[in-house]
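Since the structure comes first, as structure tokens, the remarks are kept for the end.
In this chain, residues are counted from 1 in sequence order.
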Amino acid sequence: LVNLVLVYLSYISYEFTPNKNYNIKIESAQIMRDALDKVQQYSRNIITQNELSYDIFETGIIGVDSTSSSITTKHGSRDAKVATTNPNFSALFIDLFADIDSSLINPSIQDTIAVSFTGSFPGANIALLSACKAANIYPVIISSVGSSSWGANQIDLLWIDIEDFLSKNIFKYKSKGVSLGGDADVAA
């Protein structure tokens with residue numbers, strides 16, 4: 001009975017206080033959710049995918065293991081790839097922008113950053129693009145084609161394919177240059 005009273009007291013005394021970047025984080029997460037929904041529809045048109053129980057956010061961008069793809073550069077962590085597909089991951093970039101310079105997250109002023117994307121983490125790439133759109137930041141991007149396992153390592157659905165689709169449907173930017181990726185940038 002004492003425990004129930006304490007739980008009730010803690011429940012009614014809880015007060016949510018958003019931090020100063022709360023609204024832009026919510027906007028960033030919503031942009032990412034919309035982007036992932038569009039990419040999922042796009043990926044289903046490109047590749048016949050089995051329902052992947054580990055793609056918990058149903059993104060369609062979790063790739064295959066290293067033995068199933070010729071574009072795979074090395075072994076990667078499936079859990080790490082899945083974690084970056086959570087739309088809330090984009091809010092982390094808003095915090096990082098604020099830590100670097102609070103003026104970066106002022107949507108009324110456009111700023112520019114340099115970005116290097118990897119095919120290994122398409123979820124993280126989309127999260128960063130979502131944060132950039134929410135914060136009115138223009139990313140100058142260089143991407144790699146190669147990917148470790150569980151990333152954008154399906155030959156018909158590489159990061160540059162996903163990025164090209166998103167640049168026509170959600171974001172107004174895409175890579176200015178592309179490299180092979182992998183160790184020593186030789187796609188291996």
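- The shortest side-chain heavy-atom distance between V115 and V140 does not fall under the 4.5 Å cut-off.
- Residues in residues 112-124 take part in these side chain to side chain donor-acceptor pair (under 3.5 Å) pairs, two or more places apart or across chains: T118-S120, S120-S148.
- Residues S77 and D79 bring no donor and acceptor atom of their side chains to less than 3.5 Å of each other.
- Heavy-atom minimum distance, L157 versus S43: CD2-CB, 3.5 Å.
- What you find for S90 and A131 is that their closest heavy atoms are O-CB, 3.7 Å.
- Across every non-hydrogen atom of S108 and N136, the tightest pair is C-ND2, 4.4 Å.
- Every pair tested for salt bridge (Lys or Arg N to Asp or Glu O under 4.0 Å) that includes a residue from residues 132-149 fails, sequence neighbours excluded, so the list is empty.
- Residues that satisfy the ring-ring contact (aromatic ring centres under 6.0 Å, His included) test with F117, not counting sequence neighbours, are W159.
- The salt bridge (Lys or Arg N to Asp or Glu O under 4.0 Å) contacts involving residues 29-42 comprise R33-D37, where partners must be two or more places apart or lie in separate chains.
- Within the 4.5 Å cutoff, the side chain of I100 has no heavy atoms near those of the I113 side chain.
- N169 contributes a side-chain N or O that, together with a main-chain N or O of F165, makes up a donor-acceptor pair within less than 3.5 Å.
- The shortest non-hydrogen separation linking S143 to E163 is OG-OE2, 3.8 Å.
- Remark: side-chain polar atoms of D161 are paired, donor with acceptor, to backbone N or O of L158 under 3.5 angstrom.
- D95 is listed as a side-chain neighbour of K25, based on a closest heavy-atom distance under 4.5 Å.
- Few gaps surround CG on L96; more than 12 heavy atoms of other groups in view lie less than 6.0 Å from it.
- Here the side chain of N21 pairs no donor or acceptor atom with the backbone of I24 at under 3.5 angstrom.
- Two residues are said to be in side-chain contact when any heavy atoms from C-beta on lie closer than 4.5 Å; L36 and P87 meet this criterion.
- Y8 belongs to a hydrophobic cluster whose other members, connected by ILVMFWY side-chain contacts under 4.5 Å either directly or through intermediates, are V5, L9, Y11, I12.
- Residues V82 and W150 are not in side-chain contact: their nearest non-hydrogen atoms beyond the backbone lie 4.5 Å or more apart.
- Side-chain contact between S144 and V178 is absent, with no heavy-atom pair separated by less than 4.5 Å.
- In this structure, the side chains of K174 and D164 come closer than 4.5 Å at one or more pairs of heavy atoms.
- Of all heavy-atom pairs between G123 and T85, the closest is CA-CG2, 4.2 Å.
- F93 pairs by the ring-ring contact (aromatic ring centres under 6.0 Å, His included) definition with F89, not counting sequence neighbours.
- Residues F97 and L128 meet the side-chain proximity criterion, which asks for heavy atoms closer than 4.5 Å.
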